[in-house]
Each structure stands twice: as structure tokens, then as C-alpha cells.
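Each remark here refers to the structure printed beneath this line.
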Protein chains: 2
Amino acid sequence: MNLKQLSDQLGLSQTTVSRALNNYPEVSEETRERVKLAARKFSYRPNTRATGLATGRSMAIGHVIPMNSTDVFNPIFGEFIAGASKAYSQQGYELMLTMAPEDSEESAYRDIASKRSVDGVIVHAPRVNDSRIALLQQLKLPFVIHGRDSANESEYSWIDMNNRRAFYRATRLLIDMGHKDICLVNGIETLNFAWRRRLGYTDALNDSDIAVNTSLTYSGDLTEANGFHAASNALTQTTKPTAFLVSSYVGALGVRRAIHNAGLTMGRDISVVIHDDELSYFQNDGDIPQFTATRSSVRDAGERAANMLLDIIDNPKKGPLTELLDAPLTIGESTGPARNWSEELSSDHCTTQGTTQGTTQGPVNN
Amino acid sequence: MNLKQLSDQLGLSQTTVSRALNNYPEVSEETRERVKLAARKFSYRPNTRATGLATGRSMAIGHVIPMNSTDVFNPIFGEFIAGASKAYSQQGYELMLTMAPEDSEESAYRDIASKRSVDGVIVHAPRVNDSRIALLQQLKLPFVIHGRDSANESEYSWIDMNNRRAFYRATRLLIDMGHKDICLVNGIETLNFAWRRRLGYTDALNDSDIAVNTSLTYSGDLTEANGFHAASNALTQTTKPTAFLVSSYVGALGVRRAIHNAGLTMGRDISVVIHDDELSYFQNDGDIPQFTATRSSVRDAGERAANMLLDIIDNPKKGPLTELLDAPLTIGESTGPARNWSEELSSDHCTTQGTTQGTTQGPVNN
DNA sequence: CAAAATATTTAAAGCGCTTTGGCTGGCGAT
DNA sequence: ATCGCCAGCCAAAGCGCTTTAAATATTTTG
């Protein structure tokens, strides 16, 4: 059923039917009702492509997910998009997803812009000194960045969490608990978020006059395996860390595995603080959360980013919008006072810790 | 730059330019070259909406992700889509993503169909007796299902893995290792994949004359927390399981945590077999993988499903296509012979296991 | 060299919608 | 009764492309 057929049915012109459906005032309430009823009855929905051609708007937003050479699809993208799509469906927009390998990223954006298939884009995972910002400004395609480019002075819209501050706080917490050898397991540090997190980490160490030990900082895709390898490696260093600061829940799972493998207990022997994006299948809550964490819902960020972009599209004269989210620190089971490795060798063999729950089946050594 | 402007530039008609770009034969090679050069120079790309209107094809595929009431965004969707989008970008298609809450799922599909914004859809997470199949058949919208509906006898295209067989095999393996009390931590069993997995599990038990103990089977969203709670609960049952069969890596992380919390060691005290969808940030490989697992790449499935759908769209006369993927079983570190709980109480206190790696710092009890 | 055949190009219609610019008829004011 | 106004409706143009039908160039053929 298309507009012509519907208006023929009703004995009205296409103009009137279109106006009735789009709530234009020059239609009598009576006909409007009649039209809307018929539209529902025949489940008529205007053809998106035709509407788009006529209005010059496509009612769609593009999300371009960068795929790096390791082909890892970061789970936070999925969660972010789940949030964003909520905003879109509320406002009648569609979501167009593009996966762009690093080497064809620029052409992906150019494509989107010249094909005019979306009204705006969300930019994911900005790098330090990200060329996409200038590109999109030049292409005159409205955009909102999830994150920022700390090296870019120009005006653009973004929504970000306070990465530096969060990691400053987290590091500070560990220092206050007596930790000095803190291992950072970070994301890829050409990405702005990871770069700022490192900044928070080093700033906190510097402020407490603790030298940064670069053999205790790791950077890479935030996979379980990378977390595991980083932590396993760190635990063999001469200055063994007493605490880990991990940039994601997923990475922390690897870190936890390494800690267990080394015969240690997280929260007692080794402290771990993570950043928690609140992925829906990894809730880190309850009375006492598993991990001490800075947390900020990436799904919520997605919804906010989407609304921000739609706002910008509706009101183009509005200057760039920005929003900085805070990531509060919550204490969980994974942190405790620093342990002094040298003093404690072979001290408390076979003493059962009070925190054990469940049936205990004897000691465990890996 | 649009077609008119481009053809004015070249002093040619829109017809010729359009034909030149679309490789129609009735254009001389010389002009074709000239046109393509100019198109590149001005980075001209045809307006998708206009092309779509003219051709009646939108060159886009819809993915409708069901969101259940718990609002969990299953990570396999992201990974599947990453695979599918590879196929789309190769063939010039776009990917339109819709998140549909359970209660508005039908209208989401109707919407997509009548708005004509996509040429076909991929259906995710089919249920047993899924109403979407009949709906899409009636709407005459080409579709491919990721999974199947075992209760639906009609003809439709799908790609699925052999869920029953995989779980039969996995259960069988555990039985062969002496396990009898095997706990199943499954997905939501109204979903077809989980239903078939349970079938494989019960079939294997039945074939070995082991009664199914329903207090050892769990069904729910495959989150870390659910895996943890299921396993924690199972370990307090009177007939304590010696093995777990877990439907996802993520769920297994929770199971592993529960095992550790109970002071047990995975692979020695308790065996775990999982199904591994090969999520990119949870590689379960290496010489000896962490988990014994049936495995099947969901990203690969996404690419195959997409190609299948595009094939169907190009050749509508072709009958429904189907593809059944096998999920081979790989032995990892998480399985071992069944342990007899009653005989082994307080036997091997403080004996160091040979498999320990890293610096061992004394016994660990939770 | 003219006619026929082929190669190359173009004008114009049409895809399904929105929107501009009328047109019509009823009403109050004159 | 006449005029102007306004509410309510409609015809037609136009969005940017593809494609049919037709025109024009170029070759080939007899």
C-alpha cells in the first residue's frame, strides 16, 4: 500500500492524506481521523526512501565501528549501541551500522557522507589526534564523538567520561591503601580514553612521589587473554606488583585468572581496581561488588550521545554540545591493604581465611 | 555533487553517466573512462535514497535484535553482526540495526516491511514455536534465521549449528570420564538453541542410563552472574555435581568463580565443558585451551548468514537454503576424571600440584 | 554510394513522497 | 447582494536516480 493507493481508497488527494498523517494544521479534524484510521487499517507506512528523497532527511544515524588489525569487536560497542537505539526508536530514527577496517576508515566516512544515507554519525573510539574530526567537519556531516580527542582544539560535540579523573582516583585509592607497585593494564594507548587513563595513573603516582615503573604498564586490546598475559608477566617482574589497575572488566577477568594461577587470592594478596562499563552480562554489583571499580554505564552514554546528536540535527544553529560524565569509585571485594612480599614468605601456610564461602575442600595451589 | 551536476560537467546526459558508472554495455569505453575519472575526482556517489526509489531495492539488510525484559544485550549478537557486515560491505549493502523489545517485536517487523527500508532481514535468537517465521513469510520479506525453530515444519532459510549433537558429545565426554552428576547451565530454554542443547544433554544421560536430576539444570540469561549463582547453588545440593556443562564462555566465567569460591580447582576437582562461540575478546585457544569446549565461530556464522541472504535476494526463485554447522569438541584444561566426593574428604592437604605456574605464595582457600 | 545494421547518446517518464501555490466554497462584514 | 477572508482541499513540481523509448552517429554491407 502506498500513498496513492491509500488516497484513492479515501477519495482524497495525496496532499491531504500526507498532511493528515503528518499532523499539518490545514486538514479538518474529521478527515484527519478518517485518514489515520484507514492508514492503520491498511498498515500503511510511508516508504522511507521516498520520504527521504522528498525531505532531504534520511531519518537514520550512522555508527562507524573501527576494526583494528586484531579484529577484536569490543563489547562496549554493542552495549553503547543498545543504548543509542533506544533513543532512535523513540524518535523515529533508524540505525545504520558500518564496520570500518582501519585502512578504509576515511573512505567509509566519505562514502556515508556522499551517499547521504544518514543524517549524522556517531564516532566511536577516538584516537589522540584523530583525523576523523577534521574530515567530518569538512564533510559537513553532523556528528557526536563518544569520547574526545584531547589533542584537538577545534569545536565539536562529544560525550565522554572523566577518564583521567577516574583513574587518578582509583590509583589514589590504591596508594592510600599502601600500594606502591601498581600495575596498569590499559587499552591501546593511541586511543584517547586509554591515553587519559594513563595520565590519571601517572599523575596520581607523581603526586605521591612514586616513580612510574614502565615495566608494570601494559597496553593492548582489552581481551581476557591480554589481561592474563599482562598480569602473568607482571607477577614475574623483580618488583612484583601488589595491585592491578585494569581498564575493563573483560581484561580484569584475565588478570584474575593470572592471580589465581599464581596461587594468590584477589583482594587479599593482590588488589585489583577496574573500570566497569556496566555491560549487561557482567553486572558488578550486589551488596559488595566483586571488583572495586570506577563505573560509568556505557549504555547510558549511548542513549545520551544519540539524543545529543538528534538535538544537533534538529537545531543546527546550536553550538557544539559536550557532556562529561563522572565515574564514581565503588569499593568491592577485590581490594585490600598492600602486602609486603619480602616479609611474608612462607608465613601463613594452611591457615584458613575467614572469607571463604561454600564447602572448602582443602587447599588450592594454582 | 549529484548526477545532474556531474553530467553537466561532462557535457553528457544523465542517462549516459548513470550507465557508464553502472557498467552498462551501451556506453563506449572511452566515455566510460572519462566518466569514472570525473566521478572519482568529485568523489561522486549516487544518493542511496534516490537509487533505492528508482530501483525498488534499498541495498540494506535489517537485523532485529530481540531485547528481553532483563535488557541483556547478548555479546554474540555483536560478534555475529561483525561477521555479517563483512559480507555486506563487500557487496555494497548497508546494515540496519533495530532493537526490539519483546512486546513490540511484531510491529518492528511490520514496520520494516512496510517502510521498505531493507531488502531482507536476519532473524536472531529464534524461539521454539517462533511466530516471526509465519509473519515474515506473510510479509514476503526475504529472511534468514540464525538458528532454527525445531517446531516449525514450513520451509525457510536458516543457518544453525548442531546444538543437540554438540551437547550430546560434550555430555558423553563427561560421562566417559566417569561423571554422573553433571550440572547443565543453559540459556533461556524457550530459545531454540538452548532447548536443543538440553535435548542433547538429556539424550546422552538417558543413553547411559543416568537419570536427569532437574535440580542440577539451570536456565537463564547467559550472564556471568547467572553462571555464578547457578554453580554456587548446585554446589550446595545434596548430590553435588562433579562436572558442569555451560552454554557460553561468559556463563562459564561465573561458574569458574563459584568453583574457586568453594575452594575447588577447575579441571582437578570439578570439570567444566563449555560451548565456545569464539568471541574475539575471549579466545579459548593456545596449545591447551583453558576450557574444554565445543566450538563454532559465531562471527563466521554471521558472514555465512549474510551471504546466504544476499544470495536469496539475488535469486528469489531459489528454494530456501539451509546450512548446519558442526561444533567440534576440543579438550582443554578444564576437564578431568570424575572425583568421588565422599571418599576424598580431607585427604591431600597442602600437597602442591604440579600444574602450578608462577610464584606460589602459600595455600589459598577461597 | 545508399541502405541496413549497429553503436552511442539523449529526452522523458517514473519511483513514492513532501510541499508550494493555487482553487473552492462558506462565512461574516459591508 | 458583494466582497474579502479563511478553512479545507487539490494539482503539480520536485527530490536524484534508473530505465524505456527514441534519436543520432558510425559502420558495415550489397
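These numbers were taken from a predicted model, which means no experiment stands behind them. Note on naming: letters A, B, ... go to the chains in the order of the sequence lines (proteins, then strands), and numbering restarts at 1 for each one.
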Considering only heavy atoms, which members of residues 29-36 of chain A lie under 4.0 Å from some atom of DNA chain C?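 When residues 29-36 of chain A is checked for heavy atoms under 4.0 Å from DNA chain C, there are no hits whatsoever.
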
Kindly state each residue pair satisfying ring-ring contact (aromatic ring centres under 6.0 Å, His included) with at least one member in [range], sequence neighbours excluded.
range	answer
residues 33-64 of chain B	His63(B)-Tyr88(B), His63(B)-His124(B)
residues 90-119 of chain B	none
residues 129-153 of chain A	Phe80(A)-His146(A)

Walk along DNA chain C from 5' to 3' and tell me the first and last nucleotide with an atom closer than 4.0 Å to a non-hydrogen atom of chain A.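 Endpoints of the contacted stretch of DNA chain C: dG16(C) to dG21(C).
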
Salt bridge (Lys or Arg N to Asp or Glu O under 4.0 Å) with Lys86(A): which residues, sequence neighbours excluded?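 Result, salt bridge (Lys or Arg N to Asp or Glu O under 4.0 Å) vs Lys86(A): Glu303(A).
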
Under the salt bridge (Lys or Arg N to Asp or Glu O under 4.0 Å) rule, collect the residues that match up with Arg45(A), sequence neighbours excluded.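 Salt bridge (Lys or Arg N to Asp or Glu O under 4.0 Å) list for Arg45(A), sorted by chain: Asp111(B).
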
Partner set under side chain to side chain contact (heavy atoms under 4.5 Å, CB included) for Arg116(B), not counting sequence neighbours: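 Checked Arg116(B) against side chain to side chain contact (heavy atoms under 4.5 Å, CB included); matches are Asn47(A), Arg49(A).
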
Contacts of type side chain to side chain donor-acceptor pair (under 3.5 Å), residue Asp300(B), not counting sequence neighbours: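 For Asp300(B), the residues satisfying side chain to side chain donor-acceptor pair (under 3.5 Å) (neighbours in sequence not counted) are Arg304(B).
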
With Arg34(B), which residues qualify under side chain to side chain donor-acceptor pair (under 3.5 Å), at least two apart?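 With neighbours one apart ignored, the set is empty.
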
Between the side chains of Asp311(A) and Asn315(A), does any donor sit under 3.5 Å from an acceptor?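 Asp311(A) vs Asn315(A): donor-acceptor pair found between side chains.
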
Examine the side chains of Ser107(A) and Ser104(A) and answer whether a donor and an acceptor come within less than 3.5 Å of each other.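 There is no such pair between these side chains.
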
Could you tell me whether the side chain of Ser58(A) and the main chain of Ser117(A) form a donor-acceptor pair under 3.5 Å?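 Confirmed, Ser58(A) side chain pairs with Ser117(A) backbone.
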
Note the angle between the end axes of the helix from dC1(C)-dG30(D) to dT30(C)-dA1(D), five pairs defining each, rounded to 10 degrees.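 Helix axis angle between the two ends: 60°.
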
Using a 4.0 Å heavy-atom cut-off to protein, can you give one letter per nucleotide of nucleotides 18-23 of chain D, 5' to 3': B if the base is in contact, S if only the sugar-phosphate is, - if neither? BBBB--

Look at Lys115(B) together with Glu94(A) and state whether they make a salt bridge at an N to O cut-off of under 4.0 Å.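 Looking at Glu94(A) together with Lys115(B), the answer is yes, because their closest N to O distance falls below 4.0 Å.
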
Toward the 5' end of DNA chain C, which comes first, Leu53(B) or Val17(B), by nearest nucleotide?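 It is Val17(B) whose nearest nucleotide is closer to the 5' end.
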
